[in-house]
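Throughout, a chain's letter reflects where its sequence line sits, starting with A, and its residues are numbered from 1.
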Protein chains: 2
Amino acid sequence: MGNQLPTLAVVGATGAVGTVMCELLSSRKNVWGEIRLVASPRSAGKQIVVRGEELTVVPLAPDVFDGVDVALFDVPDEVSAEWAPVAAAAGAVAVDNSGAFRMDPDVPLVVPEINPEQARNRPKGIIANANCTTLTMIVAIAPLHREYGLRELVVASYQAVSGSGQVGVDTLHEQLGKAAGNYTLGARSGNIRQAVGDELGPFPAPIVCNVVPWAGSLKDAGWSSEETKIRNESRKILGLPDLKVSATCVRVPVVTGHSSAVHAVFGTEVEADAARELLRHAPGVIVVDDPAAGEFPMPIDAVGTDPAWVGRIRRSLDDPRALDFFVTGDNLRKGAALNTAQIGELLAPELARG
Amino acid sequence: MGNQLPTLAVVGATGAVGTVMCELLSSRKNVWGEIRLVASPRSAGKQIVVRGEELTVVPLAPDVFDGVDVALFDVPDEVSAEWAPVAAAAGAVAVDNSGAFRMDPDVPLVVPEINPEQARNRPKGIIANANCTTLTMIVAIAPLHREYGLRELVVASYQAVSGSGQVGVDTLHEQLGKAAGNYTLGARSGNIRQAVGDELGPFPAPIVCNVVPWAGSLKDAGWSSEETKIRNESRKILGLPDLKVSATCVRVPVVTGHSSAVHAVFGTEVEADAARELLRHAPGVIVVDDPAAGEFPMPIDAVGTDPAWVGRIRRSLDDPRALDFFVTGDNLRKGAALNTAQIGELLAPELARG
């Protein structure tokens with residue numbers, strides 16, 4: 001008689017991230033016993049194939065957590081805030097991909113390649129998953145920090161529209177159609193607003209043929225919520241409460257794949273070759289760094305893959321303690337579903353029933 | 001009897017920048033006497049309307065500079081390297097928009113809002129115009145430097161395809177057409193390369209629905225020529241030979257309008273409100289900075305306009321001497337033709353013949 005595999009619930013199974021989660025679970029066959037798909041009453045009854053088996057989505061209600069060992073939440077902040085504690089009270093470990101619990105001192109913020117040990121200390125029965133922009137770069141930053149001692153990060157992001165959900169993807173596709181027919185578009189006069197009209201979807205301005213230096217909501221002193229998340233979450237994941245972080249978050253017309261230009265200042269001198277070699281052996285990282293051969297990390301190549309793609313690694317010409325690099329990752333996978341699934345998999349062995 | 005207005009030659013009048021130059025000259029009626037349009041023999045004979053008058057483009061040859069007071073060059077580096085000295089030897093002041101002379105210690109690098117006085121000291125008879133990425137941000141940086149004393153710049157660029165000339169614009173438009181019909185494009189698998197095929201134009205990878213962290217050619221230690229230009233030219237224009245500069249240059253699917261996310265560290269403490277007020281009164285700058293109202297600088301709004309659009313101005317949360325902001329400018333106007341025309345206009349009064 002072997003162990004009984006633990007039971008998993010996926011809450012928000014029919015959303016953009018939940019859909020990727022169902023695909024990921026299908027490629028991992030010996031981790032979970034029963035898998036229960038949960039969504040809003042509106043999506044309940046839908047059939048989704050997971051591990052070759054057709055499952056019926058059930059509506060979110062307290063009894064869906066009966067007998068569940070791990071509940072993965074891919075839902076808006078307010079839904080997580082209400083329901084993750086319900087799952088935890090029912091005895092499940094709630095792994096939450098929303099922003100509701102990330103900065104709660106009693107909720108660990110876990111990236112399995114970086115701080116897996118923190119998943120064991122979960123006084124509320126809740127573990128949080130970081131923001132997609134933080135996740136797609138932190139896997140490359142952490143091994144550099146361990147070697148050189150990180151002091152400061154200056155980050156500029158290039159964020160894909162799928163970070164705003166399926167409605168973001170739909171909006172870019174509609175605007176691509178409007179732009180494609182208009183050859184004079186934006187060449188020397190600003191007629192993109194006219195071509196796109198009022199159909200801005202979740203964005204504050206047209207996104208096709210444009211870059212929008214805004215993501216999230218307005219926080220203190222002009223910073224956006226997306227920018228303060230990068231600061232706060234990097235500090236918490238790396239265990240560096242005083243880390244200096246300045247981030248500028250910018251939405252770009254890319255479907256999937258968040259990128260960041262990173263300037264990282266360390267406590268000790270760095271060499272680009274040594275940093276590149278260190279990253280080649282870092283878990284969850286792929287180094288793509290041969291500009292002479294046209295090889296650098298780009299979202300069109302990173303989409304659909306698991307690792308953080310890192311390249312353009314070079315030491316600052318004016319500071320031997322600073323590295324500049326470019327990093328790209330799939331915001332729906334490592335930036336969301338994959339990291340959540342990985343946290344669940346960290347827990348699965350201890351939750352298996354003998 | 002009034003002064004006789006000086007004679008102007010525009011070399012490269014039929015290119016992407018030259019075309020914008022002819023438009024700009026049409027809006028400035030009392031600066032120049034005769035205007036002579038010059039281009040390669042291939043484009044000679046073409047008719048272009050300037051100031052309401054149809055002019056015939058003449059082929060580049062030594063005698064086109066006879067009697068010319070100012071010659072504006074919008075041609076590739078190697079053409080400028082050969083012909084700007086020819087114009088200077090014929091008695092003209094050559095104002096060169098290429099990279100051929102920018103770092104020559106005997107050639108001033110002039111931005112009229114910043115260092116107009118340097119246009120007077122031109123031992124070779126040549127004045128250089130800065131690179132488009134440098135120009136679209138330096139007009140906003142200089143007044144902050146004068147007030148607070150600049151020590152360091154960390155820049156990430158979002159560069160438009162027209163920075164690679166008309167062929168860059170054509171390439172994006174072709175790729176927009178291919179992307180528009182393909183709804184699943186890049187959503188969860190990297191099929192953009194397949195949709196776009198081998199038609200990459202001047203770029204090392206597809207540019208639609210992508211960001212490409214590369215512009216220019218490979219220089220020492222992994223830096224691109226575009227990145228070292230930002231460092232070297234910012235130092236020369238601001239007169240700060242030891243300024244620390246780290247730039248990451250990235251091409252984005254925008255037709256026209258180069259943007260940069262700038263992290264600027266100063267010698268003294270800064271306040272965002274004071275910096276914003278200072279920039280409101282700076283020449284060549286427009287402040288667009290009300291995120292709550294959806295107002296931030298974007299290329300679709302800056303295209304076709306003269307100033308640098310600056311917004312997202314905020315003080316670093318971790319360093320009272322650091323400001324973060326986003327700046328956008330038309331790379332064909334202030335980034336090229338406009339600045340060249342402005343340098344010419346600085347010279348025109350002294351070159352008028354009594």
Side-chain angles (χ1 to χ4, degrees), chain A residues 20 154 156 158 162 169 173 176-177 179-180 183 185-190 192-193 204-206 209-214 218 221-223 231 244-246 248 250 252-256 259 261 263 272 291-292 294 296 298-301 303-304 312-319 322 324 326 332, chain B residues 20 154 156 158 162 169 173 176-177 179-180 183 185-190 192-193 204-206 209-214 218 221-223 231 244-246 248 250 252-256 259 261 263 272 291-292 294 296 298-301 303-304 312-319 322 324 326 332:
Chain A
V20 175
V154 181
Y158 303 70
S162 63
V169 177
H173 275 287
L176 279 170
Y183 187 80
L185 198 71
R188 261 174 286 134
S189 62
I192 299 221
R193 285 187 182 276
C209 295
N210 197 23
V211 295
V212 180
W214 190 256
L218 182 61
W223 295 85
R231 177 168 175 263
K244 292 165 75 174
V245 182
S246 280
T248 298
V250 180
V252 296
V254 164
V255 181
T256 296
S259 307
H263 177 79
F296 8 78
M298 291 182 287
I300 59 164
D301 296 321
V303 60
R312 301 297 327 280
I313 300 164
R314 57 222 194 275
R315 188 167 83 168
S316 168
L317 294 167
D318 303 311
D319 184 350
D324 291 88
F326 196 78
L332 299 179
Chain B
V20 175
V154 181
Y158 303 70
S162 63
V169 177
H173 275 288
L176 279 170
Y183 186 79
L185 199 70
R188 260 174 287 136
S189 61
I192 299 223
R193 284 188 183 274
C209 295
N210 197 21
V211 296
V212 180
W214 190 256
L218 182 61
W223 294 85
R231 177 168 174 263
K244 293 166 74 175
V245 182
S246 281
T248 298
V250 180
V252 296
V254 164
V255 181
T256 296
S259 308
H263 177 79
F296 9 79
M298 292 183 288
I300 59 164
D301 296 321
V303 62
R312 300 299 325 281
I313 300 163
R314 57 225 194 275
R315 188 168 83 167
S316 167
L317 295 166
D318 302 311
D319 183 351
D324 291 88
F326 196 78
L332 299 178

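At a 4.5 Å heavy-atom cutoff, the contact between A:Ala292 and chain B is made by backbone and side-chain atoms alike. Heavy atoms of A:Val212 lying under 4.5 Å from chain B belong to its backbone as well as its side chain. With a 4.5 angstrom heavy-atom cutoff, A:Leu218 touches chain B only via side-chain atoms. Using a 4.5 Å cut-off between heavy atoms, A:Val211 contacts chain B through both its backbone and its side chain. Contact of A:Arg231 with chain B is made through the side chain alone, with heavy-atom distances under 4.5 Å.
Take B:Phe326 and apply the ring-ring contact (aromatic ring centres under 6.0 Å, His included) test, not counting sequence neighbours, and it matches B:Tyr158. Partners of B:Trp214 under the ring-ring contact (aromatic ring centres under 6.0 Å, His included) rule, at least two apart in sequence or in another chain, are A:Phe296.
B:Cys209 is listed as a side-chain neighbour of A:Leu176, based on a closest heavy-atom distance under 4.5 Å. Contact of the A:Pro299 side chain with the B:Asn210 side chain is registered, since non-hydrogen atoms from C-beta on lie closer than 4.5 Å. A heavy-atom distance below 4.5 Å is not found between the side chains of B:Val250 and A:Met298.
At distances below 3.5 Å, not a single donor-acceptor pair connects side-chain atoms of A:Trp223 with backbone N or O atoms of B:Ser316. Of the possible polar contacts, none joining the A:Arg312 side chain to the B:Thr248 backbone as a donor-acceptor pair under 3.5 Å is found.
The choice from A:Ala322, A:Gly294, A:Pro253 that makes the most heavy-atom pairs within less than 4.5 Å of chain B is A:Pro253. Comparing B:Val154, B:Leu317, B:Val245 by heavy-atom pairs within less than 4.5 Å of chain A, the highest count is held by B:Leu317. Ranked by heavy-atom pairs under 4.5 Å with chain B, the first of A:Pro213, A:Gly177, A:Pro206 is A:Pro213. Between chain B and the residues A:Ser246, A:Ala272, A:Ala156, the most heavy-atom pairs under 4.5 angstrom are made by A:Ser246. Each of A:Ala205, A:Pro291, A:Ser259, A:Pro204 has some count of heavy-atom pairs under 4.5 Å with chain B, and the biggest count is that of A:Pro291.
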